[in-house]
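For reference, positions follow the sequence shown, starting with 1.
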Amino acid sequence: MQKNILIICSVFALCFVNSANAIKCYQCKSITDAGCASDMIDPNSRIRVVDCDTVPKPNSMDSYMPVTKCNRVVTSDKAGTIVSRDCHFQVIGSDPNVCTVSHSRKVDSCHTCTGDLCNSTSSAGRFMAFGLTAIIALVSMLLAF
């Protein structure tokens, strides 16, 4: 019984482990790729995957920390709404979950995440995946009795 619980806890913990290597993120804008605005990226789509260590940093590179997160940002102005996905450049000393944009558009929402290609879904999709993992672990434990 304890062995089953240990296995289930290990699998559950692996869902939250981040790699020490460079993070990979989806990189797109809905104005050039309609699939970018979807709630979930189709893994077979042609949306670009980038290694964040190779992505050019913003002009003021000294004020940005190493990239360890991806983001999904929704911005708007009079012309409309744009969804973009990219590596998350965090300004040193700022809140790690704040998205900054280099243009005058208003940030409507900003979702940051850790793990390769984690910006494939909106935050609701990520929480549903974690919730489903927890439910499966709980059911497995109950069936083991």
(Q) So Arg85 and Ile41, do their side chains get closer than 4.5 Å, heavy atoms only? (A) yes
Q: Indicate yes or no: at least one non-hydrogen side-chain atom of Ile23 is less than 4.5 angstrom from one of Asp116.
A: yes
Q: Evaluate side-chain contact (heavy atoms from CB on, under 4.5 Å) for Val55 paired with Phe89, printing each intermediate quantity in order.
A: CA-CA 10 Å; Val55 171; Phe89 297 99; 3.9 Å; yes
**Q.** Gap between atom CZ of Arg105 and atom OG of Ser76 - 0.5 Å precision
**A.** 6.5 Å
Q. What is the distance from atom CG of Asp86 to atom SG of Cys25, rounded to the nearest 0.5 Å?
A. 7.0 Å
Q. For Lys69 and Asn97, which heavy atoms make the closest approach, and how far apart are they?
A. NZ-OD1, 2.9 Å
Q: Compare every heavy atom of Tyr26 with every heavy atom of Ser120, then report the nearest pair and how far apart it is.
A: CB-CE1, 3.4 Å
Q) Are Ile47 and Val49 connected in a single hydrophobic cluster, I mean Ile/Leu/Val/Met/Phe/Trp/Tyr linked by side-chain heavy atoms less than 4.5 Å apart? A) yes
Q. Going through the checks in order, is the side-chain contact (heavy atoms from CB on, under 4.5 Å) test met by Thr81 and Thr75?
A. CA-CA 6 Å; Thr81 301; Thr75 60; over 6 Å; no
Under 3.5 Å, which donor-acceptor pairs link side chains of residues 32-40 to any protein atom two or more places apart or in another chain?
unit_1: Thr32; atom_1: OG1; unit_2: Lys29; atom_2: O; d: 3.2
unit_1: Asp33; atom_1: OD1; unit_2: Gly35; atom_2: N; d: 3.0
unit_1: Ser38; atom_1: OG; unit_2: Gly35; atom_2: O; d: 3.3

Q: Would you please name every residue forming a side-chain hydrogen bond (donor to acceptor under 3.5 Å, both in side chains) with Lys24, sequence neighbours left out?
A: none
Q) Who passes side-chain contact (heavy atoms from CB on, under 4.5 Å) against Cys99, sequence neighbours left out? A) Asn71, Val73, His88, Cys110, Thr112
Q: Go through the steps to decide whether Cys118 and Thr114 satisfy the test side-chain contact (heavy atoms from CB on, under 4.5 Å), and finish with yes or no.
A: CA-CA 6 Å; Cys118 63; Thr114 56; 5.6 Å; no
Q) Cys87-Cys52 sulfur separation below 2.5 Å? A) yes
Q: Would you sort out whether His111 and Asn119 count as a side-chain contact (heavy atoms from CB on, under 4.5 Å), showing the intermediate values?
A: CA-CA 8 Å; His111 302 284; Asn119 62 343; over 6 Å; no
